[in-house]
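Only one structure is covered here, and it is reproduced in the block below.
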Amino acid sequence: MLLEFLGLLSRWAHILAAITAVGGTIYQRLVLFPALAELPEQSRDAFREVLRKRWARFVGLAIAFLIASGLYNLITTLQMFKPPVGELPSYYHPLFGIKFLLAIAVFFFASALAGKSPGTAKFRENAPRWLTINLLLMLAIVVISGVLRMSHVGPNP
């Protein structure tokens with residue numbers, strides 16, 4: 001019973017962190033940055049800095065929850081499908097590897113865009129471009145996640 005509850009809690013944490021990251025990126029790319037372009041430059045820069053500081057906290061928390069819950073979910077999935085009980089499809093591990101590498105890229109771009117390091121200032125200077133790239137990577141992860149989930153639980157009857 002406790003393991004089922006932990007599994008459910010981990011799944012909720014993973015999904016809510018992903019919703020926060022993807023939803024925040026969609027909002028920034030499609031609503032916030034187009035609206036900011038209409039403000040005077042001085043007001044725009046000050047407002048962007050206030051937003052960056054607030055968003056950086058959510059980015060950090062989302063990344064932490066995604067890593068922790070993702071590792072827990074992976075470990076429990078691998079434990080569940082050890083032979084002789086069953087095996088995961090042959091494409092599971094390569095696809096998971098691609099998802100993991102894409103997630104690292106997403107974490108980098110999200111951190112660079114929400115951060116304040118001078119080394120990542122070029123990302124923030126062209127934020128709409130990098131938000132678009134990050135959003136496409138996030139959507140690829142969502143698609144891969146759906147395929148991975150279906151590969152070990154199957155479709156609903």
Side-chain angles (χ1 to χ4, degrees), residues 1-34 48-117 119-120 123-124 126-157:
M1 179 72 170
L2 179 62
L3 287 179
E4 287 95 3
F5 178 73
L6 285 175
L8 187 59
L9 192 61
S10 174
R11 187 154 175 75
W12 286 341
H14 203 76
I15 291 170
L16 289 173
I19 288 169
T20 300
V22 175
T25 302
I26 290 170
Y27 174 77
Q28 288 179 64
R29 180 61 188 99
L30 300 179
V31 177
L32 182 63
F33 277 90
R48 280 177 70 172
E49 181 57 20
V50 170
L51 290 172
R52 186 205 58 76
K53 284 181 184 177
R54 291 185 67 87
W55 181 239
R57 292 181 217 146
F58 289 97
V59 168
L61 286 171
I63 290 171
F65 277 112
L66 286 167
I67 290 171
S69 61
L71 286 173
Y72 179 84
N73 293 339
L74 175 64
I75 290 167
T76 57
T77 298
L78 294 178
Q79 291 297 316
M80 193 180 341
F81 288 94
K82 279 186 175 177
V85 174
E87 286 189 29
L88 292 166
S90 61
Y91 61 83
Y92 188 90
H93 295 294
L95 209 50
F96 179 84
I98 292 168
K99 176 185 170 184
F100 184 79
L101 293 173
L102 291 175
I104 291 171
V106 164
F107 296 162
F108 170 76
F109 290 131
S111 297
L113 289 166
K116 59 183 178 183
S117 167
T120 56
F123 292 97
R124 291 184 297 282
N126 198 358
R129 174 181 184 211
W130 294 107
L131 283 167
T132 300
I133 290 169
N134 215 25
L135 184 56
L136 291 172
L137 294 173
M138 290 172 168
L139 293 175
I141 290 170
V142 169
V143 168
I144 291 170
S145 297
V147 171
L148 292 175
R149 182 71 181 159
M150 293 301 293
S151 72
H152 65 83
V153 297
N156 290 332

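Remember, predicted model here, so these are calculated numbers, not experimental data.
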Over all atoms of both residues, closest heavy-atom pair of T25 and L131:
CG2-O, 3.8 Å

Is any side-chain heavy atom of I104 less than 4.5 Å from a side-chain heavy atom of F108?
no

Side-chain heavy atoms of I67 within contact of F107, under 4.5 Å
yes

Tell me if a side-chain donor or acceptor on S151 pairs with a main-chain N or O of L148 at a distance below 3.5 Å.
yes

Would you say the side-chain atoms of T76 pair up with the backbone N or O of Y72, donor to acceptor, closer than 3.5 Å?
yes

Rounded to the nearest 0.5 angstrom, the CD1-CE distance for I133 and M138 is 12.5 Å

Residues R29 and P34: closest non-hydrogen pair is O-CD, 3.5 Å

With sequence neighbours excluded, residues passing side-chain contact (heavy atoms from CB on, under 4.5 Å) with E4:
M1

In short, salt bridge (Lys or Arg N to Asp or Glu O under 4.0 Å) pairs touching residues 52-69 with sequence neighbours left out are E49-R52

Just checking, is any N or O donor in the side chain of T120 or R124 under 3.5 Å from an acceptor N or O on the other one?
yes

Assess whether atom CZ of F109 is packed by more than 12 heavy atoms of other residues, nucleotides or ligands within 6.0 Å.
yes

Pairwise side-chain contact, L6 with S10, heavy-atom cut-off 4.5 Å (strictly under):
no

Within 6.0 Å of CZ in F58, more than 12 heavy atoms from elsewhere:
no

Note, L16 side chain near F65 side chain (heavy atom, < 4.5 Å)
no

Determine whether L78 and H93 make a side-chain contact, defined as any pair of heavy atoms from C-beta on separated by less than 4.5 Å.
yes

Do L61 and T20 come within less than 4.5 Å of each other through their side chains, counting heavy atoms only?
no

